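Values below: all heavy atoms of this structure, side chains included; hydrogens, waters and symmetry mates excluded. It should be emphasised that the depicted structure is a prediction, and the values quoted were computed from it without experimental measurement. So that the names make sense, note that chain A is the first sequence line, chain B the second, and so on, each numbered from 1.
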Amino acid sequence: MSLTLSQSYFQHRDVVYLAKDLIGKKITTCIDGKTTSGIITETEAYAGCGDKACHAHLGRFTERTKVMYEPGGIAYVYLCYGIHHLFNIVTNTRGNADAVLIRAVEPLEGFDTMRKRRGKEKLDKALTSGPGNFSKAFGISKTHNEMSVVSKELNIEHISYKPKNLVETKRIGIDYAEEDVDLPWRFYDNSSKFISIK
DNA sequence: ATAGCGATGAGCT
DNA sequence: GCTCATCGCTATA
């Protein structure tokens with residue numbers, strides 16, 4: 001049994017709760033006619049204006065970040081290091097600019113499509129672990145910025161899967177975030193090998 | 001107009 | 001563990 005998560009699910013006010021709750025959910029993309037899916041194994045929460053690691057810190061509102069202020073349930077995709085497309089789900093209600101970064105998934109369907117998009121022969125953990133790798137394997141790019149995550153192309157379902165060893169720890173790559181660097185807002189299922197780094 | 005740099009990943013040692 | 005590719009975003013002027 002599975003249930004597609006609704007727009008209102010993503011409008012929950014606590015982005016940290018959502019980041020944790022999304023571990024073990026199933027994410028599916030149907031892009032360029034190719035279906036790929038997997039179990040979410042790693043996420044991070046970014047908590048809007050008050051979070052020094054968040055792109056919307058202090059209400060920063062630019063061409064890039066404006067999508068974060070929309071009501072929850074749409075994608076925020078941006079280019080990192082000029083190379084990697086990083087996929088986030090905007091959460092909370094309008095004006096709050098919270099988001100959950102998807103950092104890794106464990107593949108379920110579309111192995112051949114993922115391998116082809118990644119240019120990899122082997123099915124090792126690097127196929128879909130790490131935010132840039134996940135996005136590439138699932139066919140997500142900046143053209144999907146602002147797309148609904150309650151759609152045919154992109155959706156998330158509750159499935160009968162329970163994370164067996166849920167770890168809470170500090171976020172990756174945000175050394176500039178001063179007193180917010182150590183917030184335990186990264187979550188991963190340590191029973192999966194599809195994790196970016198431990 | 002432009003300098004500085006980043007929510008990374010791959011390859012090599 | 002270390003280097004570096006690569007370019008859009010941001011702030012500053």
Please report the interatomic distance NZ(K125(A)) to CZ(F194(A)), rounded to the nearest 0.5 Å.
9.5 Å
I159(A) side, atom CD1; L3(A) side, atom CG - distance, nearest 0.5 Å:
11.5 Å
Whole-Å distance between [N] [atom2] and [X] [atom1]?
X	N	atom1	atom2	value
R171(A)	dT8(B)	CZ	P	12 Å
D175(A)	dT8(B)	CG	P	10 Å
R186(A)	dT8(B)	CZ	P	10 Å
K120(A)	dG11(B)	NZ	C1'	12 Å
I83(A)	dA10(B)	CD1	C1'	9 Å
L127(A)	dG9(B)	CG	P	13 Å
Y176(A)	dC5(B)	OH	P	14 Å
R60(A)	dC5(B)	CZ	C1'	12 Å

Side chains of [X] and [Y]: donor-acceptor distance under 3.5 Å anywhere?
X	Y	value
R186(A)	T169(A)	no
Y161(A)	D189(A)	yes
T36(A)	T29(A)	yes

Main-chain N/O of T4(A) paired with Y9(A) side-chain donor or acceptor, under 3.5 Å:
no
Would you mind classifying the nucleic acid contact of [X] as base, sugar-phosphate or nothing, using non-hydrogen atoms under 4.0 angstrom?
X	result
I174(A)	sugar-phosphate
T65(A)	sugar-phosphate
N88(A)	base

Between which nucleotides of DNA chain C, 5' to 3', does chain A make heavy-atom contacts below 4.0 Å?
dA5(C) to dA11(C)
Does R103(A) make a side-chain N or O approach to OP1 or OP2 of dT8(B) shorter than 4.0 Å?
yes
For Y46(A) and dA7(B), say yes or no: do the ring centres fall under 5.5 Å of each other while the ring planes differ by less than 30°?
yes
Identify the nucleotide, in any strand shown, that forms a Watson-Crick or G-U wobble pair with dT6(C), with both distances under 3.5 Å; if there is none, say none.
none
With both distances under 3.5 angstrom, what nucleotide forms a Watson-Crick or G-U wobble pair with dA7(B)?
none
Report the relative orientation of the aromatic rings in H55(A) and Y76(A); use parallel for angles under 30°, tilted for 30 to 60°, perpendicular for over 60°.
perpendicular
Donor-acceptor pair under 3.5 Å, H55(A) side chain vs dA7(B) base
yes
I want to confirm an ordering. Mapping Y81(A) and K142(A) to their closest nucleotides on DNA chain C, which one lands closer to the 5' end?
Y81(A)
